[in-house]
2 protein chains.
Amino acid sequence: MTDDVSPTKRAIMEATYDALHEQGYGDLTIQAIADEFEKSKSLLYYHYEDKEALLADFLEYALEEFMAEIDLQDHEPLEQLEMLIDATVPETIDEERYRVQIALLELRGQVPHTDVYRERYTEIDRMLTDRVASIIERGVESGAIRDVDVELEAELLVSTILGVQTRRLTTYAEFPIERSRAALFEHVQQRLVAAES
Amino acid sequence: MTDDVSPTKRAIMEATYDALHEQGYGDLTIQAIADEFEKSKSLLYYHYEDKEALLADFLEYALEEFMAEIDLQDHEPLEQLEMLIDATVPETIDEERYRVQIALLELRGQVPHTDVYRERYTEIDRMLTDRVASIIERGVESGAIRDVDVELEAELLVSTILGVQTRRLTTYAEFPIERSRAALFEHVQQRLVAAES
DNA sequence: AAATATTTACTGAACGTTTAGTCAGCCATG
DNA sequence: CATGGCTGACTAAACGTTCAGTAAATATTT
């Protein structure tokens with residue numbers, strides 16, 4: 001959907017972001033989306049069969065935005081891991097990233113009751129974990145990373161990142177994000193970096 | 001509320017659990033709660049001013065159940081940490097624990113739009129982190145744990161636990177819970193346990 | 001290239017249903 | 001016979017969804 005989609009559908013997705021941001025998932029009505037949308041409410045039904053279809057598409061849209069953010073360049077494995085942390089748990093979080101993370105948090109809560117959502121989150125979780133695992137694997141091969149259990153380390157890192165992200169979004173602003181970031185970076189250093197020989 | 005509450009209010013809380021479990025937060029209506037409740041819908045309004053008040057009370061109720069689950073006995077610090085992991089991320093998750101965790105996951109998604117929720121989750125987050133920190137501190141004092149940055153280690157462990165919990169609940173059953181548990185236990189060993197001298 | 005038909009994007013008003021919330025009154029117990 | 005716990009019938013507003021219709025763009029015929 002990233003590029004090839006009609007401007008109208010894109011506008012609907014943006015309106016859904018805004019509505020979700022203002023109302024939360026519990027009060028997310030078609031009317032609320034329409035209110036954030038320049039065109040009419042009925043147009044939503046021209047483009048989508050029903051509310052469920054619209055929201056399913058929105059989740060895909062939001063996940064694409066998330067994946068785009070962590071599209072890492074060619075770098076050393078250790079640098080890539082640090083870039084990943086920096087992208088998922090940035091020191092200061094701008095409006096754009098904030099609304100993506102909030103949206104994904106809200107929709108995740110709906111997973112236990114919507115099978116399509118569960119599939120999407122499973123998919124993204126696996127993609128992310130595999131991505132991390134392959135970075136670590138490259139590091140092991142090049143000698144930059146110790147000969148660790150690759151899958152285990154990937155699981156651990158992904159979980160910790162998600163945990164920090166979630167706690168940051170759902171507690172007050174005083175949440176010690178610098179401490180958590182430091183802990184994440186140090187975690188990578190201590191568990192993964194090969195001892196100098 | 002754990003003990004001193006009327007049976008009716010308790011029944012309302014249980015009905016809310018069931019409704020939340022069947023409908024999800026998005027479709028959680030007063031009627032849905034009443035349907036899971038032996039008595040009438042109007043009675044809900046006899047006991048609570050409105051839906052919001054009922055849900056606020058429910059969150060408190062659910063958080064108490066959660067806290068009760070991790071009420072650790074007197075044990076060695078390292079044992080306590082392992083008990084904490086075992087309570088929050090059990091190998092197999094029974095119905096009771098599952099519905100508590102699901103409920104807390106769903107309500108957490110609502111935090112960005114409901115200040116009362118944010119306060120509660122901030123509170124529980126802080127309590128949990130402080131509890132972990134004090135366990136680690138005791139370990140350091142007794143020499144069972146290395147002389148680490150206590151707050152940092154507590155942050156890291158709490159985040160990782162939440163991350164594992166969340167991923168487990170929002171991906172398919174194939175989620176490698178054993179690997180995640182192993183990683184958590186190993187994490188405690190490797191980062192916290194004092195080297196034998 | 002003018003005239004006509006068809007399709008596409010879109011709207012406003014309306015539909016039946018469901019929602020949160022009210023209220024007059026009932027029925028047991030003290 | 002008063003009071004606390006409780007109910008069923010009710011309402012106004014909000015809900016998701018439909019639909020008849022419009023105006024502009026595009027395709028087809030003449």
Choose from C:dA9, D:dT17, D:dT7 the nucleotide whose nearest atom is closest to any side-chain atom of A:Ile30. D:dT17

Tell me: CG of B:Leu44 to C1' of C:dC23, nearest whole Å? 16 Å

Quick one: A:Tyr45 OH to D:dG21 P, roughly how many Å, whole number? 22 Å

Lys/Arg-Asp/Glu bridge criterion (N-O < 4.0 Å) met for B:Glu178, B:Arg181: no

Remember a base hit wins even if backbone is also touched, and classify B:Thr29 as base, sugar-phosphate or nothing at under 4.0 Å, heavy atoms. sugar-phosphate

Given C:dT8, C:dA13, D:dG4, identify the nucleotide with an atom nearest to the side chain of A:Tyr46. C:dT8

Do the charged groups of B:Glu106 and B:Arg99 touch, with an N to O distance under 4.0 Å? no

Taking for each residue the nucleotide of DNA chain C bearing the nearest heavy atom, is the 5' side occupied by A:Thr8 or by B:Ala32? A:Thr8

Send over the distance from A:Asp35 CG to D:dA14 C1', rounded to a whole Å. 12 Å

Which nucleotide in the set D:dA9, D:dC6, C:dC10 lies at the smallest distance from any side-chain heavy atom of B:Lys39? D:dC6

Looking at C:dC10, D:dT17, D:dC6, which one has an atom nearest to any side-chain atom of A:His47? C:dC10

Has the side chain of B:Ser42 got a donor or acceptor that lies under 3.5 Å from a partner of the other kind on the base of D:dG8? yes

Let me know the distance between CD of B:Gln31 and P of C:dT17, rounded to the nearest Å. 16 Å

Spacing of A:Asp50 atom CG relative to C:dT17 atom C1', expressed in whole Å: 16 Å

How many whole angstroms separate atom NZ of A:Lys41 from atom P of C:dC10? 17 Å

Nearest whole Å is fine: how far is D:dG8 P from B:Leu43 CG? 11 Å

Check whether any side-chain heavy atom of A:Leu104 lies under 4.5 Å from a side-chain heavy atom of A:Leu59, and answer yes or no. yes

Should A:Val193 and A:Ile161 be counted in the same cluster of Ile, Leu, Val, Met, Phe, Trp and Tyr side chains packed under 4.5 Å apart? yes

Quick one: do A:Leu54 and A:Ile33 satisfy side chain to side chain contact (heavy atoms under 4.5 Å, CB included)? Show the steps, please. CA-CA 10 Å; A:Leu54 193 161; A:Ile33 297 172; 4.2 Å; yes

Atom-pair distance (CG on A:Leu28; C1' on D:dG16), nearest Å: 12 Å

